[in-house]
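Basis for what follows: all heavy atoms, side chains included, without hydrogens, waters or symmetry-related copies.
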Amino acid sequence: MSKQQNVIIIGAGLCGSLLALRMGQRGYRVSVFEMRPDLRKVDISAGRSINLAFSDRGNKAMKLVGLEDKAQALSIPMHGRMIHDKEGNTFQSNYSGRTHEYINSISRGDLNSLLLNEAEQHENVNIYFNKKCKSVDFENTSALFKDYETKLEFTENADIIIATDGAGSALRKSYFLGKKFLFSFSQDYLSHGYKELSILPTKSGDYKTHKNALHIWPRGDFMLIALPNLDGSFTVTLFLSYSKGEYNFDNLTTPERVEAFFNKEFPDALELMPNLTQDFFENPTAALGTVKCSPWHYKGNTLLMGDAAHAIVPFYGQGMNAAFEDVVEFDAILDEYEGDWQTVFERYENHRKKDTDAIADLALDNFLEMRDHVAHPIFQEKRKIEMALEKEFPTKYSSKYSLVTFNENIGYQEAMLKGRAQDKAILSLLKNKSITPSENLNSILKKVQQETENILNLNSAF
């Protein structure tokens, strides 16, 4: 096979730009088509998550393409969750008992720009903006585009087409509408949506609240979160039901009502947000959904990757990290089967799909945990025990969060199965008073390991 085969990538977001860079590094001729304007020249961030949680699985991809240091320079460490109650009291719950394990807040735009700039350094990579993909002829490996500037339509042919065009993927839609093969597809929305708000820096450019944490205001059926930015601001996100509850997106229709809602539920946040109502009514409300589908590929011609194959809700901070890990896993399979696209695509999906299904389920679990459970005494007790175990036995114990977020060498499915069993074990032992936070840690570890093993064995029997 000639390495100079032509590859079309649909979508120049985070996954698409990373994939373009890696395929360019491998020597392919890569053409990337993006429907939006160039984000390096036009601000297109409104309503989208401005910053993201960047962790070990994502960093694995940065190492692959040689950008670890440049990505780190864009990152702000967040060592744990800073929980805010209604009275304005705060307490921090660290992500790990191991001090070197933390997640990072990173700007979506800055990271995307870095990847685009690096991809364009390769003369075999070309990126075209304002070109919307309307459909894909997956049997003949061609794609129909519309140029938003000239209003003309045109067709591009390639040896393979990879779609990284997000939850509304044109290729996935073509698979579904084409009816050429059995294609399964589900798209499930939460009854909650989200809206981006902001905490601006002080006049001197400082942070108004603790910088190195992910702030959460959990309120049962809804919540507010805030992540730090390099300029001293925080990106704030309100997760709220569209139509249920005393306050919801459907009935927050006036500045007075929005301020009353925040004054009642998030008074300490409101003090930091004099720009609240302006943000609230200028920024759109966006939906939260999970996409699962199969197969991800058609013969050796076309492939779905990233959110196009497996969009998830954002509550584990793993959407970008999972998409980046897609590229790492795909690259490893290319090392083994390069030249045989059908085998590459089949092996990639067979290896990867179980893990992306798992992180989709975990993200939904974490939605309940973040908005409600983090404030419960038994959950806080459980976290204290887990932190102590990780600190005392750094090589013997990892919580579910640590398995998912910091153990990039195991798959999401393995992390989910073991992590869920551990959670169940600790909560059961606490409820039955079989362990207490003041008990000897060696004794706690043995009991947790034994109970976890019992649960895993019971589950495997079914």
Side-chain angles (χ1 to χ4, degrees), residues 53 55-57 80-81 93-98 101 103 186 188 190 214 216 218 223 288 290 292 310-319 321-322 325 351-390 393-435 437 444-462:
S55 55
D56 294 40
R57 293 177 194 273
R81 298 166 174 164
S93 173
N94 280 358
Y95 287 123
S96 171
R98 291 173 283 269
E101 291 181 342
I103 64 175
S186 68
D188 298 305
L190 293 180
L214 189 156
I216 305 182
M223 67 177 172
L288 295 161
T290 300
K292 293 181 180 179
H310 52 79
I312 64 175
V313 293
F315 302 109
Y316 228 107
Q318 286 295 307
N321 295 291
E325 193 175 56
H351 176 72
R352 188 70 181 141
K353 182 166 167 50
K354 66 183 187 301
D355 288 324
T356 59
D357 283 351
I359 192 56
D361 294 343
L362 282 165
L364 289 167
D365 288 351
N366 221 38
F367 175 47
L368 300 176
E369 181 175 305
M370 288 173 72
R371 72 180 189 180
D372 191 7
H373 298 171
V374 291
H376 284 186
I378 194 167
F379 179 86
Q380 293 170 13
E381 219 169 48
K382 169 180 161 290
R383 286 301 290 164
K384 283 179 186 173
I385 286 173
E386 289 187 310
M387 293 303 99
L389 290 176
E390 288 186 335
F393 309 106
T395 61
K396 292 184 179 178
Y397 185 85
S398 288
S399 68
K400 180 177 71 180
Y401 188 90
S402 290
L403 289 168
V404 170
T405 307
F406 306 123
N407 284 255
E408 74 270 22
N409 295 319
I410 67 171
Y412 285 124
Q413 186 187 53
E414 183 183 344
M416 178 184 74
L417 294 174
K418 185 175 181 182
R420 280 179 170 174
Q422 284 179 172
D423 283 356
K424 191 173 180 180
I426 295 175
L427 289 170
S428 174
L429 291 167
L430 280 171
K431 192 175 179 183
N432 297 330
K433 297 189 169 31
S434 301
I435 59 171
I444 292 177
L445 179 65
K446 286 177 184 173
K447 289 177 183 177
V448 170
Q449 287 176 332
Q450 184 58 60
E451 185 65 14
T452 300
E453 197 63 32
N454 293 343
I455 291 167
L456 287 170
N457 289 338
L458 186 64
N459 290 343
S460 66
F462 294 95

Enquirer: Could you tell me which non-hydrogen atom of P218 sits nearest to which non-hydrogen atom of M223, and how far apart they are?
Expert: CA-CB, 4.1 Å
Enquirer: CZ/R383 to CD1/I378 distance, rounded to the nearest 0.5 angstrom?
Expert: 14.5 Å
Enquirer: Answer yes if the side chains of N454 and Q450 hold a donor-acceptor pair under 3.5 Å, and no otherwise.
Expert: yes
Enquirer: How long is the span from the CD1 atom in I435 to the CG atom in L429, to the nearest 0.5 Å?
Expert: 4.5 Å
Enquirer: Strictly below 4.0 Å, N to O, side chains only: are E325 and R57 in salt-bridge contact?
Expert: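 Counted as a salt bridge, because a side-chain N and a carboxylate O are separated by less than 4.0 Å.
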Enquirer: Is the Y95-F406 ring centre distance short of 6.0 angstrom?
Expert: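 For Y95 and F406, the ring centres are not under 6.0 Å apart.
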Enquirer: Shortest non-hydrogen contact from L214 to I216?
Expert: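 In terms of heavy atoms, the two residues are closest at CD2-CG1, 3.5 Å.
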Enquirer: Which atom pair, heavy atoms only, marks the closest approach of N407 to S402?
Expert: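 Of all heavy-atom pairs spanning N407 and S402, the closest is ND2-O, 2.9 Å.
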Enquirer: Which heavy atom of P437 sits nearest to which heavy atom of L430, and what is that distance?
Expert: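 What the structure gives for the nearest pair is CD-CD2, 4.4 Å.
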Enquirer: Please answer whether the main-chain N or O of E408 pairs with a side-chain N or O of D56 as donor and acceptor at a distance below 3.5 Å.
Expert: no
Enquirer: Any donor and acceptor pair, going by atom type alone, linking the side chain of E451 with main-chain N or O of A425 inside 3.5 Å?
Expert: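 Such a contact is absent between E451 side chain and A425 backbone.
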Enquirer: Should the heavy atoms of other residues, nucleotides or ligands under 6.0 Å from NZ of K354 be counted, would the total exceed 12?
Expert: yes
Enquirer: Establish, from distance only, whether the side-chain atoms of S96 and E101 form a donor-acceptor pair under 3.5 Å.
Expert: yes
Enquirer: Less than 4.0 Å between a side-chain N and a carboxylate O, is that true for D357 and R352?
Expert: no
Enquirer: V313 and side chain to side chain contact (heavy atoms under 4.5 Å, CB included): which partner among D188, T290, N366?
Expert: T290
Enquirer: Kindly list each side-chain donor-acceptor pair under 3.5 angstrom involving residues 416-424, sequence neighbours excluded, with atom names and distances?
Expert:
residue: R420; atom: NE; partner: D365; partner atom: OD2; Å: 3.2
residue: R420; atom: NH2; partner: D365; partner atom: OD2; Å: 2.7
residue: Q422; atom: NE2; partner: Y397; partner atom: OH; Å: 3.4
residue: Q422; atom: NE2; partner: S398; partner atom: O; Å: 2.7
residue: D423; atom: OD1; partner: K382; partner atom: NZ; Å: 3.3
residue: D423; atom: OD2; partner: K400; partner atom: NZ; Å: 3.0

Enquirer: Main chain of K353, side chain of T356: is a donor-acceptor contact present, judged purely on distance under 3.5 Å?
Expert: yes
